[in-house]
Every structure is written in structure tokens, then in C-alpha cells.
Protein chains: 2
Amino acid sequence: MAVTIKDIAKRANVATSTVSRVIQDSPKISEATKARVRKEMKALGYEPNYSAQSLANRMTQSLGIIMPEADVTIFQNPFFLESIRGISELSNEKNFTMAIVTGRDDTELLSRVRMMTRANRVDGFIVLYSKPEDPVVDFFHNEKIPYTVIGKPQQYVSETTHVDNDNFQAGKDVVTYLYELGHRRIAYVGADTARTVHKERVRGYQAALAELNLEWDSRYLLGTSYTNEDIAALFQLDTPPTAMIVGDDIIALPLQRALQQIGIRLPEQCSLISYNNLTLADMMNPPLTSVDIDIFKLGYQAAKSLIEKIQDPKEMTKHIIVPHRIVERASCTRINEDPS
Amino acid sequence: MAVTIKDIAKRANVATSTVSRVIQDSPKISEATKARVRKEMKALGYEPNYSAQSLANRMTQSLGIIMPEADVTIFQNPFFLESIRGISELSNEKNFTMAIVTGRDDTELLSRVRMMTRANRVDGFIVLYSKPEDPVVDFFHNEKIPYTVIGKPQQYVSETTHVDNDNFQAGKDVVTYLYELGHRRIAYVGADTARTVHKERVRGYQAALAELNLEWDSRYLLGTSYTNEDIAALFQLDTPPTAMIVGDDIIALPLQRALQQIGIRLPEQCSLISYNNLTLADMMNPPLTSVDIDIFKLGYQAAKSLIEKIQDPKEMTKHIIVPHRIVERASCTRINEDPS
DNA sequence: CTGAAAGCGCTTACAG
DNA sequence: CTGAAAGCGCTTACAG
């Protein structure tokens, strides 16, 4: 069978406990015997048995990743794979494994999570979304299971480590950017305010409008279930928007189609700026100006702080803000300032 | 601490070995004592400790998922997340966990895979891609580690279980579909022939052209690194194509832009049909006719056959073909048959 | 049909 | 600085 700690001990003429200590690089062991033991480990291609380690020290070296309730559309959003890629990168570095947890609804999700913790399959969880009154988060909190959330948590805010963008600021930055290009009438499409990210972006949008004293019409704000007629109506207002902010690159595509269908030319008749900077943004016509929120880093940092917390429970709660930046492409254009 | 087999044994007045056997639903135990033991398990919310089980029976209940060498663009292709979703679904059902393995190149991938198998972290692997002379696959084969591949394996074909579409047939079907709409000059764009999937689709394309006696110009076949000029040149031929097949929905987007830029209107001047049927396809303008290859099922079936193989090594090698179907949308149009 | 005991491969007080 | 021994929570011959 595979080579074990015993084989190494025998060949290096030490006790198994000594081998175990060199695996952990314990300072109690002399450099001389460490070297000797390591030579044997190398020679035999030894790798500690993961199940045995887990059983003995009650650590699984494994992270659970909670996806939002499964829905094909959501899954196909590259956001998730990209953040998982970030998590995966750090996990591989730290020798952690990950388990993706999905479920059709909160109940299923919760029961799977419950089973995993009882069975001791993971050391902690990363929650890839955030929403109000999440029973899964309640569970983590009550059971004192380490977890971090990507996004702004809606419960136990100050006590939960999370990594997020400053979406409020991003919301403002986008308005400022458009303002500086001369835009004064700015609409917002795809405001899925059930999700915290979007709520924050919209808050930032509205705050910036107020600060800049821009006029605003409630019809300027559309959710995710708008119809093409809603878009058309927007451009039949006396004061149609000259620019639109889109909640997510994914939504920009159908929106662009809607605009084309009612004969609005981009970017001449309407500038478009979006969020997430997916590769998609670069492929659109015209290429889409988009806010890069560094999804990979969101995942990477979430995994990093979770692992720190797991390895040292006294680790402080952290709120990590990943910087965003606007990536300029051809979908926004300067217009003449118009006092109307 | 967590409740263990001992607690159950005590409360049910049996030996721990008996509890263990009811966990496994062994036929050796009477229904009466099974019922009694189960009642206690339920009452205490018992869940078998996963590390202990793994250690004792040398099974990890965990699958490794090998991604192709990491490259942002590839990762953002929804194909991977969608197949992982399929794998995840089955894994959750079977109580398996998964570990995603990524690496910058084959060497890094191989060393991570090697470490994981030595450390006994997974029972087997799913390879999400297929390419010639893959050292990772060589490793699995030589070490007799269970694995399945999504796609058509290039090595050890008859001995490796794989799940795939019939991409050759799909290649032919697409041509036939266009032929029946009256198209006679059909180009193919985005033929990434380094990847087996695409090679097969191109083979099918060429076979169908030959069968239907359609004229063909070598300039009709473009790889992935075509320029907009190449596209423009295509339409300046004496016999420009009236329809184009695109290797992947993801590529359809920039291609569509290129076509718009040189003033080709879709679908009037050129029909477009693509592969994968991502949600993207439905969002494009015009919505894209695309071959649905049921990515979810590819993942699900791959996980299924891998787990079967793990649980019973005598399980036969299987080649599973997931059916495809053309999803018609507005990007293909009927044209008058033209004898030219 | 059920139990007592050894073993899976580690870790970690405890003793020296 | 190192070793002997108990223990982590299961499984599985072996015996009855």
C-alpha cells in the first residue's frame, strides 16, 4: 500500500511521533533529525494521509462553498466560476480542498450544510451571496461555524468576516464618470434590489445624483423584469436619458438588443456602462465600458481570511474591501452639456 | 463534542459494530434492531464522521475535477461551471464532495494531482477536457486511478470511461439543417482543432459537405485567431458564404460584431448557427440558433459513471453519448436555393 | 444475528 | 530533543 509514517520512522530510525513532528515542522525537533527524516520522506514519495490527519486533529482542510439557490441562469453567470477560481487558487496553495454546496432552495441547502458539518466534512464555509434573513447564515452563526461571505452580509454584520467591493462608492463613481462626459440624465437598468450588491450600487447612484443636483425621474430606475416597452417609454419622455447604467454585464446584452430594436444607436444616442467587467463586455458591440470589481480577488481574499480564521480562531473579524476600477471601452461617449 | 457511534451504541444497547452495520444497512442485522438503532441516530442527529470512515475503509467520498490549464478566458466559459453543476448535483445526491484542481500548466496540474492521490484525498478524477498526450491522463492510467473524461479521450480510448456528445454527428446535423434552409455555401468559424470537440465538429462539417456535394473553399474554414479582415475577405469572394457555423456561442459574440462592422446584416445576409446553447445565445441580437449539447448532463453522467467505477472496480468501461439537439432561434433564415 | 478486538494512519499529552 | 502509548471514530474479519 501507500507509504506511511511507520515506513519513514523505520527507515530513519526514529519513532513515528518524531516523523509526525517533522511533518508539522515542530521546533522541538533538531534540524539534524529533521533532515534525516525528510530525506526518507522524499525518497519514498511520502504524503501524509489526509483522512488520518483529519481524524486525529479534527481538521478537514476543506472549505464548503455555498452557491445561491440553484437556477440555471445564475449558474451561468461567470461571476461564480470566477470567484470559485479565486478560492481555488488559494486553496491549492494552502492545500485545502473545496466542496461546492448547491440546493434547489434554502431548505435543501440548509440540510446539506447541516449534514456536512455534522459529518465533519469541512472546516468552514464561504457564502457566495448575501441576502436578508438567510437561514444558512443563521445556522453558521448559531453553531459557531467559521464562515465568510462575499458581499455585504445582512445579518450579524459586525461579527462576520466578509470581503466585498465598495459598491456604494462604485455606484457614485459611475455617475461621476458619466457626469464628466457631459451626461445629465442618467437611467439605471437591472436594479435587482433583492440582492445587496445591487441595492448598494443603486444607493450610490442616487446619492451621486443628489450631490450633483441632477434631475431624476422615478421612471429612470428599472428593475430586472422590465419589458422592451419600458425601455421604449424611457426614450419617449420629454427628458430621455442620455446614458444608462446597467447592473451587470450579463443584463447589458439583452438591453442592448432592446435598444437596437427601438432604433437607439450606441453610444451616440445613449451611453452604456455596466458592472463586473466580464470577458463578455469586451466582446460586445460596441465594447462595453464596465466596472471591474476583481471577482477573482474577492474569492481569493474570502478563502484567505476563512483559512486564517480556521487555523486561528482568535483571528479578528475582518471586513475587506477589494478596489474597483472603471475599464473604459467604446460604449460611453462625451456629449455636449445640455442645461435642459 | 459531536455525537459518535459510541453514543448511539450505548443508547440502543448494542455494540458499536452493530451500529456501524446499520449505517451500511447490512443485511446481517435484523430489522428490529435496525429500527431501534435508527431511532437513536435520528434522536441525536447522528451523522457518521467522514474522516473516520475514510480512514477505516480507504474511501474518501470525494472526486477530483481537473480543469484545463488555467486561463481567464477559459474559466469564464460557462461550459465549465455548467458541467461542474451537473457533477455537483450527482455528488450531492451520493454524498460525495469534490475538489477542483487547477494549475498554470501541465506540470503544476500533475504535481497537484500526484499529491492528492498520495494523500488519499480523492477516490477518482473527472477530466473536463481532452487533448492529445496529456501527462495527467498518463498518470491516471499508469497508477490505475479511476477517472472519466468529458469529451473524447485521445489516449487509452477503449479502456477509459468517457461521456461525450456525438460531435461528429452534430457537425453533420448542423450542415444538414442549413442545407434544408436552402444554404449551399457554408463557412465554419472558430475551429479550435487543438481541442477534440472542435476537431470532431469540423470533421462532421466536412463529411456532410462532401455527402451533399457542396462546394467548398479552404478559405471557408477559419480557426480561432482570425482577424476581422479574414471575415471581410470571406464576403468578398466570388462565392461568399450564406451561412456560418460557429464553434462556440462564446465566439459568436465577437464574430457578430465583426459582421456588423463590415455591414453584413443578420440573418438576412448570413445565417449563423453555433454550439453549446448557453444562456448567452438567447440574449444575442438576433437570438442565436445553437446546438444544445446538454452540458449539465455531461457532468452528471461523468460523475455517475465515475462513482459507479469507484464503488465497484469491476464496473465496465463505458462510453456514454449525451444527445444533442438544435435549438432554433432567429439567427438562421431560409434562402432561395441558388444553383451557382 | 451480534459482539469483542484489532486496525486504518495520524497527533498529542506525558514522561524522560 | 525524542519515544511509548492512548486516542480520533469508524470498519471488518473472527468467533460465537
Side-chain angles (χ1 to χ4, degrees), chain A residues 1-38 40-41 44-62 95 115-123 311, chain B residues 1-38 40-41 44-62 95 115-123 311:
Chain A
M1 287 291 327
V3 13
T4 76
I5 216 177
K6 274 190 194 165
D7 304 316
I8 308 292
K10 196 165 297 167
R11 295 198 20 159
N13 250 308
V14 293
T16 56
S17 42
T18 301
V19 178
S20 173
R21 288 190 187 101
V22 352
I23 290 171
Q24 301 162 73
D25 200 13
S26 156
K28 297 180 179 176
I29 304 292
S30 73
E31 284 306 323
T33 88
K34 271 188 191 172
R36 193 150 42 91
V37 171
R38 285 196 181 118
E40 297 301 338
M41 298 201 299
L44 299 189
Y46 171 76
E47 201 68 56
N49 180 298
Y50 157 72
S51 310
Q53 277 185 321
S54 303
L55 181 58
N57 66 17
R58 345 214 76 238
M59 288 225 144
T60 65
Q61 301 257 98
S62 187
N95 250 308
M115 173 262 150
M116 293 182 75
T117 57
R118 287 219 181 107
N120 213 260
R121 292 192 77 139
V122 297
D123 296 327
Q311 294 181 332
Chain B
M1 285 289 330
V3 14
T4 75
I5 217 175
K6 274 188 195 165
D7 304 315
I8 307 293
K10 195 166 298 168
R11 297 198 20 159
N13 250 307
V14 293
T16 56
S17 43
T18 301
V19 179
S20 172
R21 287 187 188 105
V22 351
I23 290 170
Q24 301 160 75
D25 200 13
S26 154
K28 295 180 181 174
I29 304 291
S30 73
E31 284 306 324
T33 89
K34 271 187 192 172
R36 193 150 41 92
V37 171
R38 284 194 182 120
E40 296 301 338
M41 300 202 297
L44 299 189
Y46 170 77
E47 202 70 54
N49 180 299
Y50 156 72
S51 310
Q53 276 186 319
S54 303
L55 181 58
N57 66 17
R58 345 215 77 238
M59 288 223 144
T60 65
Q61 301 260 96
S62 186
N95 251 307
M115 173 262 150
M116 293 182 75
T117 57
R118 285 218 182 106
N120 212 261
R121 291 192 79 138
V122 297
D123 296 326
Q311 295 181 332

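Residue numbers start from 1 in every chain, and the chains themselves are labelled A, B, ... in the order their sequence lines are given, proteins ahead of strands.
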Rounded to the nearest 0.5 Å, the OG1 atom of T4(B) sits from the CG atom of L44(B) at a distance of 9.5 Å
How far does CG of D7(A) sit from OH of Y46(A), to the nearest 0.5 angstrom?
9.5 Å
Among the candidates [options], find the nucleotide nearest to the side-chain atoms of [X].
X: T33(A); options: dC1(D), dT12(C), dC10(C); answer: dC1(D)
X: V14(A); options: dT12(D), dG9(C), dG3(D); answer: dG3(D)
X: I5(B); options: dT2(D), dC10(D), dC8(D); answer: dC10(D)
X: R58(A); options: dT12(D), dG9(C), dG9(D); answer: dG9(D)
X: Q53(A); options: dT11(C), dC10(D), dC8(D); answer: dT11(C)
X: L55(B); options: dC10(D), dG9(D), dC8(D); answer: dG9(D)

With sugar-phosphate meaning primed atoms plus P, OP1 and OP2, does T4(B) contact a base, only sugar-phosphate, or nothing at under 4.0 Å between heavy atoms?
sugar-phosphate
Mind listing the closest non-hydrogen atom pair of [X] and [Y] along with its distance?
X: Q61(B); Y: D123(B); result: N-OD2, 2.8 Å
X: N95(A); Y: R121(B); result: O-NH1, 2.8 Å
X: M41(B); Y: I23(B); result: SD-CG1, 4.3 Å

When you compare the side chain of D25(B) with that of K34(B), does any pair of heavy atoms fall below 4.5 Å?
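Touching, per the 4.5 Å side-chain cut-off.
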If you pin I23(A) and N13(B) to their nearest nucleotides in DNA chain C, which one's is more 5'?
N13(B)
Pairwise 5' ranking along DNA chain C for I29(B) and N57(B), keeping only the more 5' one
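The answer here is I29(B).
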For [X] and [N], is the shortest distance between a side-chain N/O and OP1 or OP2 below 4.0 Å?
X: Y50(A); N: dC8(C); result: no
X: S30(A); N: dC1(D); result: no
X: Q24(B); N: dC10(D); result: no

From [atom1] of [X] over to [atom2] of [N], roughly how many Å is that when rounded to an integer?
X: D7(B); N: dC10(D); atom1: CG; atom2: P; value: 9 Å
X: L44(A); N: dG9(C); atom1: CG; atom2: P; value: 14 Å
X: R121(B); N: dG9(C); atom1: CZ; atom2: C1'; value: 15 Å
X: D25(B); N: dT11(D); atom1: CG; atom2: P; value: 13 Å
X: I8(A); N: dT11(C); atom1: CD1; atom2: P; value: 13 Å
X: K6(A); N: dA5(D); atom1: NZ; atom2: C1'; value: 13 Å

Tell me, what's DNA chain C's dot-bracket, Watson-Crick or G-U with both distances under 3.5 Å, | for other-strand, [ ] crossing?
|||.||||||||.|||
With sequence neighbours left out, write down each residue that passes salt bridge (charged side-chain N to carboxylate O under 4.0 Å, His left out) with E40(B), or none if nothing qualifies.
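E40(B) satisfies salt bridge (charged side-chain N to carboxylate O under 4.0 Å, His left out) with R11(B) only.
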Just the table, please: protein N/O against nucleotides 13-16 of chain D N/O, every pair under 3.5 Å.
residue	atom	partner	partner atom	Å
dA13(D)	N6	R21(B)	NH2	2.5

Could you pull out all residues at least two apart from A35(B) that satisfy side-chain contact (heavy atoms from CB on, under 4.5 Å)?
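If we apply the side-chain contact (heavy atoms from CB on, under 4.5 Å) test to A35(B), skipping adjacent residues, there are no hits.
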K10(B): partners by side-chain contact (heavy atoms from CB on, under 4.5 Å), with sequence neighbours left out:
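Counting only residues at least two positions away or on another chain, K10(B) forms no side-chain contact (heavy atoms from CB on, under 4.5 Å).
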Would you tabulate the side-chain donor-acceptor contacts of residues 49-56 of chain B under 3.5 Å, counting partners in other chains and residues two or more places apart, or write 'none'?
residue	atom	partner	partner atom	Å
N49(B)	OD1	S51(B)	N	2.8
N49(B)	OD1	A52(B)	N	2.9
Y50(B)	OH	T60(B)	O	2.7
S54(B)	OG	Y50(B)	O	2.8
S54(B)	OG	M59(B)	O	3.0

